[in-house]
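Because the structure is a prediction, the values reported are computed rather than measured.
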Amino acid sequence: QVQLVESGGGLVQPGGSLRLSCAASGRTFSSYAMGWFRQAPGKEREFVAAVRWSGHNPDYADSVKGRFTISRDNAKNTVYLQMNRLKPEDTAVYYCAADYALSVSRYTGDYDYWGQGTQVTVSS
């Protein structure tokens, strides 16, 4: 069992930055690939970024590549999403998720555990 708690969301102006954190409970955090997803009002949940247990070879959605960076600290049971050059279209509830797998996935159905989400609003 893994419990995930996101934090770090808020209101930011276009072009600004935010760093989201996702703290995981449990002793097997390093066994999970971790992902970030987002869901805007009236839209389906979509993939943002994911990282393997090792922290190597992250995967990004094209819409965030070059602006967002996913990282993890297995000693702290935490995964991060650094978001730079934010745009209004990045506005959404952001969720972290854990997948008991060696490789990363872009599909919500592959993830075993989800956090409750944190709101990110990009607006002037």
Open item on the list: For L11, is the CG atom crowded, meaning more than 12 foreign heavy atoms sit under 6.0 Å from it?
Closed with: yes
Task: Whether Y32 and Y113 hold their rings parallel, tilted or perpendicular, with breakpoints at 30° and 60° - done: perpendicular
Task: Spatial distance of atom OG (S25) from atom CG (L4) [nearest 0.5 Å] - done: 7.0 Å
Task: Test: R72 cationic atom under 6.0 Å from F29 six-membered ring centre, within 45° of axis - done: yes
TODO: Verify the cluster assignment for I70 and L102: are they in a single hydrophobic cluster under the rule of side-chain heavy atoms below 4.5 Å apart?
DONE: no
TODO: Taking T118 for its side chain and G9 for its backbone only, find out whether a donor-acceptor pair lies under 3.5 Å.
DONE: yes
TODO: Grab the two heavy atoms, one from V5 and one from Q116, that are nearest each other, plus how far apart they are.
DONE: CA-OE1, 3.8 Å
Task: Check: L20 main-chain N/O paired with E6 side-chain donor or acceptor under 3.5 Å - done: no
Task: By side-chain contact (heavy atoms from CB on, under 4.5 Å) - contacts of A101 (at least two apart) - done: D99
TODO: Mind checking salt bridge (Lys or Arg N to Asp or Glu O under 4.0 Å) for R38 and listing every partner two or more places apart, or none if nothing turns up?
DONE: E46, D90
Task: same_hphob_cluster(Y80, M34) at 4.5 Å side-chain heavy-atom cutoff - done: no
TODO: With sequence neighbours excluded, tell me which residues meet ring-ring contact (aromatic ring centres under 6.0 Å, His included) with F37.
DONE: F47, Y111, W114
Task: V79, D73, N74 screened by side-chain contact (heavy atoms from CB on, under 4.5 Å) with K76, the one that passes - done: D73
